[in-house]
Amino acid sequence: MDFSIKNAQPEKVRTACVVVPVFGNRKLSDAARRIDQSSSGQLSRALKNSDFDGAPGKTLMLFDVEGIGAARVLVTGAGKNGRLNTSEFHKAVQNALTTLCSAGITDATLFVSELNATGYDEQWAATKIAALAVGAAYRFDVMKSDIGKKAGKPLSRVSLGINGKPSRQLQKALDRGRAIGEGTNLARDLGNLPPNICTPDYLAQQAKKMIRLNRLRVNVLDVAQMKKLGMGSLLAVAQGSRQPAKLICIEHRGGPAKQKPVVLVGKGVTFDTGGISLKPSSEMDEMKYDMSGAGSVFGTMHAVSAMKLPLNVVGVIPAVENMPDGQATRPGDIVTSMSGQTIEILNTDAEGRLILCDALTYAERYEPAAVIDIATLTGACVIALGKVATGLFSPDDKLASELIDAGETSWDRAWRMPVWDDYQEQLSSNFADVANIGGRPAGSVTAACFLARFARKYRWAHLDIAGTAWKSGKEKGSTGRPVPLLTQFLIKRAGW
Ligand code: BES
Ligand code: MN
Ligand code: ZN
């Protein structure tokens, strides 16, 4: 996607579509008024004859507007006085962009400086617009033949129309938004790919591609190397699959050599059948998204490297497939994790924590400033928070509030849940140090408590994205969340 800033007039600019805000009671913004004047009132007449009321998220597309340079005008609702909260701003921009995309427009100029979110500046708005534009233009049709492919080119050029000299900061803000959008789309691609293609080895190859494209350092550990390290828990999950497990490590060294990195650990279960504790078959296809935590790490690594973020960031991805088979782990098996703790596997479907615990122990070698793991970990989290908020678990108040704030700013929100030690007793085992399930009550909390036992040597937070990483139903597909949250968190950490 190409982004630029144009010092131009809305009525003169030559573009396939010019986007202008209109407030409640059909009050025109400056940009809308100029178009109205040039077209001898055509815009206000059209508004009068429509049910457009200026509510954020409402749009109205006009064709054949006389006396202006643009082929079309898209009016977008800006609320009462243009004073929008973050949610309304998001909705207004998002709907305008999806309207552009479904109209098949490839090039648009937005005069939306009067569209403001309370508490944020124009740079923030530009970043948001760019990230949403890249997201709106997203298509996933690599698996379709020409028969199924959508015709026409997607939105590819977006300009911000302003009155004045374009500042470098504003262009930077757009570039940042593009990086976030691309990172999010990469996470979506990986999530949407079918599980017969997106295997642990595919993810490893994807990482290697990033060496060249993003100048990242990549190291992939194979099964023999993981055995040597004592990753008995991770390997137990993979042993029922024909697909060999991989541990993928990606490094972005943007900060000073001595700076301790932030380590992102992403659950990469490329397909989760449940193993011997087999899942019911309805909607099992959705378990291809069980590598979305890994996908979000890829996406975030892409974003930070594209924006050359001056911060050290490491991604660690345990990638496995969870299958039932003659070699598969049985309920009742006891394994020894890399940390030395023994685990009684009472349910082979609670596999995410089994691969994450070894990855969390592995993360110690980076002497991290903080470790964040991201995982489609529990159905219980979907029950608790639905599709709106990601579950955030951390014993560290400061780290937790940094992540909550990043979620608010990027409008990719998380909500804090407890990881109190009081829940730990649910995980006690008669035969090993710990059991891998804690019963039905507080299922997402006991899952986090399990992970906490392996994350005692550094500052740590866990994001349960089981509800937020994808949409089901008619619009089934990966959302790319929480790439915006993670990237914003890192941007702030870098002091940008
Ligand atoms: N990948 C699932 C979690 C999940 C379920 C994500 C539904 C999204 C939608 C995870 O591996 C799992 O199966 N968790 C079990 C844990 C249970 C056996 C303790 C669950 O949530 O049912
Ligand atoms: Mn499972
Ligand atoms: Zn799973």
Side-chain angles (χ1 to χ4, degrees), residues 191 195 198 200 203 233-234 236-241 243 245 265-296 317-324 328-333 343-359 373-391 393 417 423 426-429 434-451 462-473 476-479 481-482:
C198 186
L203 290 178
S233 183
L234 185 157
V237 177
Q239 74 191 32
S241 167
Q243 302 293 337
V265 177
K267 172 179 173 182
V269 176
T270 60
F271 195 70
D272 181 11
T273 63
I276 297 297
S277 313
L278 194 64
K279 285 184 180 297
S281 54
S282 84
E283 281 147 33
M284 204 204 271
D285 65 292
E286 294 193 345
M287 283 302 125
K288 71 173 180 174
Y289 296 118
D290 213 18
M291 39 52 67
S292 296
S296 76
I317 293 159
V320 303
E321 186 185 47
N322 187 21
M323 297 291 262
T329 296
R330 295 153 287 256
D333 281 4
I343 304 165
E344 186 183 14
I345 300 176
L346 290 172
N347 189 322
T348 63
D349 197 12
E351 86 297 341
R353 61 197 82 180
L354 294 174
I355 66 169
L356 289 169
C357 69
D358 280 340
D373 78 73
I374 308 101
T376 48
L377 201 62
T378 64
C381 192
V382 191
I383 303 299
L385 298 172
K387 303 241 137 224
V388 180
T390 291
F393 303 78
M417 305 271 280
Y423 292 96
Q426 286 179 240
L427 292 168
S428 66
S429 156
V434 63
N436 81 324
I437 50 169
R440 276 171 61 79
S444 63
V445 180
T446 53
C449 284
F450 179 94
L451 298 177
H462 155 63
L463 296 171
D464 194 332
I465 57 167
T468 51
W470 78 88
K471 293 183 186 160
S472 10
K476 185 183 278 193
S478 175
T479 61
R481 288 179 70 182

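All values below were derived from every heavy atom in this structure, side-chain atoms included, with hydrogens, water molecules and symmetry-related copies excluded. Both counts, for ligands and for their atoms, begin at 1 and track the order of listing.
- More than 12 heavy atoms of other residues, nucleotides or ligands shown are found within 6.0 angstrom of NZ on Lys476.
- To the nearest 10 degrees, the Zn ion (ligand 3) sees OD2 of Asp290 and OD2 of Asp272 at an angle of 90°.
- Here the closest heavy-atom approach between residue Ala448 and residue His462 is recorded as CB-CD2, 3.7 Å.
- Annotation: protein N, O or S atoms under 2.8 Å of the Mn ion (ligand 2) (waters excluded) comprise Asp272 OD2, Asp349 O, Asp349 OD1, Glu351 OE1.
- Residue-level check: among N/O/S atoms of Glu351, OE2 sits closest to the Zn ion (ligand 3).
- Contact record, Thr270 with Cys198: CB-O, 3.1 Å, taken as the closest heavy-atom pair.
- A pairwise comparison of heavy atoms in Ala294 and Ile317 identifies CB-CG2, 3.5 Å as the closest pair.
- Inclusion of Asp349 in the first shell of the Zn ion (ligand 3) is not supported: no N, O or S atom falls under 2.8 Å.
- Under 2.8 Å from the Zn ion (ligand 3) lies an N/O/S atom of Lys267, whether from backbone or side chain.
- With contacts defined as side-chain heavy-atom distances shorter than 4.5 Å, the pair Asn322/Ser241 does not qualify.
- Shown here for Lys267 and Leu377, the closest heavy-atom pair between the two residues is NZ-CA, 4.3 Å.
- Contacts of Arg481 classified as salt bridge (charged side-chain N to carboxylate O under 4.0 Å, His left out), with partners at least two apart in sequence or in another chain: Asp412.
- Between the side chain of Glu351 and the main chain of Val320, no donor-acceptor pair closer than 3.5 Å is present.
- Looking at residues two or more places apart in sequence or on another chain, you find no salt bridge (charged side-chain N to carboxylate O under 4.0 Å, His left out) involving Asp358.
- Within 4.0 Å of ligand 1, contacts by protein heavy atoms are made from Lys267, Asp272, Lys279, Met287, Asp290, Asn347, Asp349, Glu351, Arg353, Thr376, Leu377, Thr378, Gly379, Ile437, Ala466, Trp470.
- For the residue pair Asp464 / Thr378, a side-chain donor-acceptor distance below 3.5 Å is found, with atom types taken as modelled.
- Closest heavy-atom contact between Ser429 and Glu344: OG-OE1, 2.7 Å.
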